[in-house]
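The structure under discussion appears below in the form of structure tokens.
Note that these values count all heavy atoms, side chains included, but never hydrogens, waters or copies made by symmetry.
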Amino acid sequence: MEIMIVGSGVAGLATAISLHAAGFRQVRVFESEPRLRPHGLGLNILPNAVRELAELGLLDELQQRAVRSQELAMYNTRGDLIWREDRGTVAGYRWPQISISRAELVAVLADEVRRRLGEHAIVTDARLVGLRSEPGMNYATVMGRDGSTRVVEAELLIGADGIHSAVRAAFYPAEGPPPTNGMTMFRGTASGPDFLTGSTMAVLGDDRRRLVLYPIARDASPGRSVINWVAALPATEVDLLPGQQMDVADRRATVLRQFGSWSPPGVDLPRLLEDTADVQQYSMIDRDPIPRWSFNNVTLVGDAAHAMYPAGSNGATQAIVDARVLSWQLATQADAGSALRAYEDERRPQMTELQNANRSMGPEKVITLAHLRAPHGFDDVREVFSEEELAAISRNYARTGKFDQDWVNSRPSLTVTQRHRGTPKADIVVADDESQAVKETGFITAVIRAMEHDRADAYLVDRYAALLSTPTSRKMTHEALAVGGTIGSVIVRARFGDIVLGEAAAAGITQVVCLAAGSDTRAWRLDLPARTRFFEIDLPGQLEAKERLLEPVRDRLVCRRVSLGEDLRRETWPQRLVAAGYQPDEPTVWIIEGLLPYFQIEDFTRLIGTVRKMSTLGSVLLVDAPHADFYTDPVNETFLTFMKSRGSAFQLGFDDLGDFLRHQGWTAEAYTLRQLHAGECPWLPAPPGRLCPPHDHHWVARAHLS
């Protein structure tokens with residue numbers, strides 16, 4: 001099916017990615033601007049939408065650019081607390097709530113669209129000026145800035161072009177401009193000291209005005225963040241003469257006059273406003289609910305379908321959910337018409353109710369009630385509200401938007417597994433069967449480390465491995481061991497690497513890159529210095545799954561960990577690593593454990609060559625691989641057959657790993673398990689015989705760039 005998406009904002013880009021994940025490949029996004037210029041200020045994405053981004057493999061990247069929101073706190077203008085509640089994982093959700101710059105979110109989504117669908121998947125300078133829809137085909141006329149036009153044919157057309165949607169206008173030509181509620185909003189961002197928890201969304205107000213503040217990114221300076229602020233007040237109080245245009249100084253002065261005396265806890269509001277370089281101004285507008293979103297094979301998503309007032313963090317959130325539900329229905333229904341009906345039947349009633357709820361300002365209506373009941377403030381909020389009344393307002397709003405904790409944590413996944421296309425099925429996002437098998441194996445190694453940790457004579461200490469030991473991975477581990485699998489290489493390479501990494505950190509190396517990080521817990525368990533940057537790269541979804549399992553000990557992470565979802569067989573990971581803060585001119589410890597059995601020799605040669613090019617003198621490489629004898633030893637035949645049957649066949653081995661590394665430009669020392677047991681490595685405690693059985697032919701190596 002050829003699919004045309006109109007609009008390259010959050011809704012359009014999220015829809016393109018979701019369609020690709022559901023198996024659609026002929027998807028293009030059309031944007032009216034001559035080039036894609038991500039703009040906008042802060043957004044708050046609720047856990048129901050973060051779950052969808054995680055299942056698309058995007059959460060690792062987004063979290064590097066965002067702040068995980070921990071609480072929502074509401075105050076009167078004096079800073080008296082009316083209501084607070086935990087948010088995200090702190091509140092028991094399996095996924096976080098994130099605050100992020102809209103520009104950053106759009107940039108990540110656009111990069112992912114191009115990565116999945118190709119560089120030409122986003123078509124710019126193409127404004128929709130006409131639309132004719134017939135059963136089975138749509139004809140869209142797009143115009144460039146030079147006045148030229150062309151007709152684009154698409155079997156399915158999706159309007160994701162926002163509150164001023166041209167697609168919506170084609171079916172509702174008499175609707176007119178979006179209505180306003182008479183409120184004007186001023187917005188901006190500025191660097192400032194962390195306030196409250198450092199991850200709080202604070203909302204202050206009375207019966208007419210609102211002030212919202214929350215961090216959207218961490219500043220380079222410790223204890224500081226980029227803070228997004230929004231101030232809303234009646235347009236009649238803006239002090240604007242007819243026809244007068246306000247500049248940034250005028251807008252800043254207006255906000256100071258109206259809000260400068262307010263007391264947001266921990267925030268120097270006048271200083272924050274003074275440090276805001278660009279103060280933007282908008283009317284608060286929405287759209288009336290409409291009785292129908294879909295016509296023939298045309299439908300609407302995001303603000304084009306259900307634009308609502310900015311209360312309750314639901315604009316971008318619900319656009320992302322729209323994208324996933326629509327893609328799910330298109331992939332699992334018999335035809336496009338049935339899919340669009342099912343999508344609209346599920347989403348439109350919910351969004352109509354949510355639009356109406358937002359017209360009464362959603363959960364923020366407690367602020368209005370607090371002012372009406374106690375206009376001069378209060379000493380104890382229990383004089384104004386019962387705790388149950390406040391909790392009920394928040395709870396009912398969450399249920400209206402389908403982002404209450406029970407629903408988000410337990411509902412079936414919207415991911416479509418392509419090999420089960422046509423049958424609704426909840427599953428993990430996978431690139432292919434081989435990738436999924438490698439992901440599963442990553443957690444088998446955690447089970448093995450947990451088993452060793454529990455022994456009285458443990459050779460390796462890993463107190464976090466048990467958290468990554470799931471029922472599924474334990475079952476797979478027992479199956480692998482039952483057919484002759486060994487644990488020695490997993491345990492010995494981990495102890496070997498711990499010592500090398502500890503020595504490098506003591507020598508002053510503060511940059512670590514762990515490729516195919518899987519269930520590696522070194523960032524947590526080695527107590528690396530706080531200045532250490534620990535980069536982890538693995539298949540999309542793998543690191544996010546690990547983070548969820550390690551959430552109970554997240555606060556024990558001392559070093560700065562940066563995770564990237566990326567397939568190492570692709571050529572894009574070095575650029576993404578540099579973009580995430582990797583410094584090629586600084587010595588680095590590279591860790592490549594448990595990956596090579598699944599690689600072809602040409603893949604590994606290319607990978608190690610890339611690592612060499614990205615390394616400077618003084619860098620260290622840790623790597624392990626099977627010995628070539630592993631494949632010819634008859635004792636291992638059953639195990640190798642088992643691994644092949646589950647889609648994760650072992651295929652790469654070396655007669656001399658050290659010699660291979662030396663030919664790649666490294667100074668290397670490599671040992672077999674048998675040599676380590678014999679004490680031939682002078683700095684490693686000799687592993688016991690139970691970890692070095694004769695048939696476990698395996699190499700571990702340390703190499704330097706000197």
Task: Distance in Å, L62 CG paired with I98 CD1, rounded so as to fall on 0.5 Å steps - done: 5.0 Å
TODO: Could you check if a side-chain atom of L515 sits within less than 4.5 angstrom of a side-chain atom of F535, using non-hydrogen atoms only?
DONE: no
Task: Side-chain donor/acceptor of D462 to backbone N/O of A450, under 3.5 Å - done: no
- [ ] Provide the closest heavy-atom pair for S199 versus V67 in the form atom of the first, atom of the second, distance.
- [x] OG-CG1, 3.8 Å
TODO: Flag the pair D457 and R690 as a salt bridge only when some basic side-chain nitrogen lies within less than 4.0 angstrom of an acidic carboxylate oxygen.
DONE: yes
Task: Donor-acceptor side-chain pairing of T510 and R560 below 3.5 angstrom - done: no
- [ ] Supply the atom-to-atom distance F630 CZ to L640 CG, rounded to the nearest 0.5 angstrom.
- [x] 5.5 Å
Open item on the list: Taking the side chain as everything from C-beta on, heavy atoms only, tell me whether L595 gets closer than 4.5 Å to L607.
Closed with: yes
Task: Step-by-step side-chain hydrogen bond (donor to acceptor under 3.5 Å, both in side chains) determination, S410 to R94 - done: CA-CA 9 Å; S410 62; R94 292 176 58 196; over 6 Å; no
Open item on the list: Is there a side-chain contact between L577 and M614 in this structure, where contact means two heavy atoms from C-beta onward sitting under 4.5 Å apart?
Closed with: yes
- [ ] Over all heavy atoms of both residues, which pair between R493 and E593 is shortest? Give the atoms and the distance, please.
- [x] O-OE2, 3.2 Å
Task: Where S615 and W590 come nearest, the two heavy atoms and their spacing - done: OG-NE1, 2.8 Å
Task: L596 CG to F660 CZ distance, which is reported to the nearest 0.5 Å - done: 8.5 Å
Task: Minimum side-chain heavy-atom gap R533-V562 below 4.5 Å - done: no
Task: Interatomic distance, L468 atom CG to I444 atom CD1 [nearest 0.5 angstrom] - done: 13.5 Å
- [ ] Give a yes or no answer on whether the side chain of R612 reaches the backbone of W666 with a donor-acceptor pair at less than 3.5 Å.
- [x] no
Task: Side chains of F534 and V558 in contact at under 4.5 Å (non-hydrogen atoms) - done: no
TODO: Could you pull out all residues at least two apart from D656 that satisfy side-chain hydrogen bond (donor to acceptor under 3.5 Å, both in side chains)?
DONE: none
Open item on the list: Quick one: does any side-chain atom of N409 pair with a main-chain N or O of G92 as donor and acceptor, under 3.5 Å?
Closed with: yes
Open item on the list: For R449, is there an ion pair with E452 - N to carboxylate O distance below 4.0 angstrom?
Closed with: no
Task: Option from T89, N48, N44 for which side chain to side chain donor-acceptor pair (under 3.5 Å) with Q97 holds - done: N44
Task: side-chain hydrogen bond (donor to acceptor under 3.5 Å, both in side chains) partners for T588, two or more places apart - done: Q511, Y582
TODO: Please check if the side chain of E71 supplies one atom and the backbone of D86 the other of a donor-acceptor pair under 3.5 Å.
DONE: no
Open item on the list: How long is the straight-line distance from OG of S469 back to CD1 of I448, given to the nearest 0.5 Å?
Closed with: 10.5 Å
- [ ] Could you check E536, R561, Q542 and say which one makes a side chain to side chain contact (heavy atoms under 4.5 Å, CB included) with E547?
- [x] R561
Open item on the list: Per the ring-ring contact (aromatic ring centres under 6.0 Å, His included) rule, what does the pair list look like for residues 476-499, sequence neighbours excluded?
Closed with: F496-W683
Open item on the list: Donor-acceptor pair, distance only, cut-off 3.5 Å: does the side chain of R576 make one with the backbone of L564?
Closed with: no
- [ ] Specify the closest pair of heavy atoms between A217 and R65, including all atoms of both residues, with the distance to one decimal.
- [x] CB-O, 4.1 Å
Task: Separation of H695 NE2 from T486 OG1 (nearest 0.5 Å) - done: 5.5 Å
Task: Salt-bridge present (E602, R606; N to O < 4.0 Å) - done: no
Task: R674, CZ: over 12 other non-hydrogen atoms inside 6.0 angstrom - done: no
TODO: Would you please test T605 and Q664 for side-chain contact (heavy atoms from CB on, under 4.5 Å) and show each step?
DONE: CA-CA 8 Å; T605 302; Q664 300 300 316; 4.2 Å; yes
- [ ] May I ask you to test the I45-T317 pair for a side-chain heavy-atom distance under 4.5 Å?
- [x] yes
Open item on the list: Using side-chain contact (heavy atoms from CB on, under 4.5 Å), reason through L46 and V408 one step at a time and then give a plain yes or no.
Closed with: CA-CA 10 Å; L46 298 176; V408 174; over 6 Å; no
Task: Contacts of type ring pair (Phe, Tyr, Trp, His ring centres under 6.0 Å), residue W699, not counting sequence neighbours - done: H627
Open item on the list: Please report whether the ring centroid of F604 lies less than 6.0 Å from that of F599.
Closed with: no
Task: Heavy-atom side-chain proximity of L59 to P96 below 4.5 angstrom - done: yes
Open item on the list: Walk me through whether S563 and K546 qualify under side-chain contact (heavy atoms from CB on, under 4.5 Å).
Closed with: CA-CA 11 Å; S563 60; K546 177 169 73 172; over 6 Å; no
Task: Sequence neighbours excluded - side chain to side chain donor-acceptor pair (under 3.5 Å) pairs with any residue from residues 498-508 - done: D498-R522, D498-R525, E503-R702
Open item on the list: Donor-acceptor pair, distance only, cut-off 3.5 Å: does the side chain of Y631 make one with the backbone of N636?
Closed with: no
Open item on the list: Are more than 12 heavy atoms, taken from residues, nucleotides or ligands other than R115, located less than 6.0 Å from that residue's CZ atom?
Closed with: yes
Task: Where L19 and S327 come nearest, the two heavy atoms and their spacing - done: N-OG, 3.3 Å
Task: Donor-acceptor contact present, side-chain T521 to main-chain W524, <3.5 Å - done: no
- [ ] Apply the test side-chain contact (heavy atoms from CB on, under 4.5 Å) to residues W573 and T610: give CA-CA distance (whole Å), side-chain angles for both, the deciding distance (0.1 Å), then the verdict.
- [x] CA-CA 10 Å; W573 69 266; T610 301; 3.7 Å; yes
Open item on the list: Less than 4.5 Å apart, side chain to side chain, heavy atoms only: is that true for T415 and R324?
Closed with: yes
Task: Residues in ring pair (Phe, Tyr, Trp, His ring centres under 6.0 Å) contact with Y93, at least two apart in sequence or another chain - done: none
Open item on the list: Testing the basics here: between I499 and P685, what is the closest heavy-atom pair and its distance to 0.1 Å?
Closed with: CD1-CD, 3.7 Å
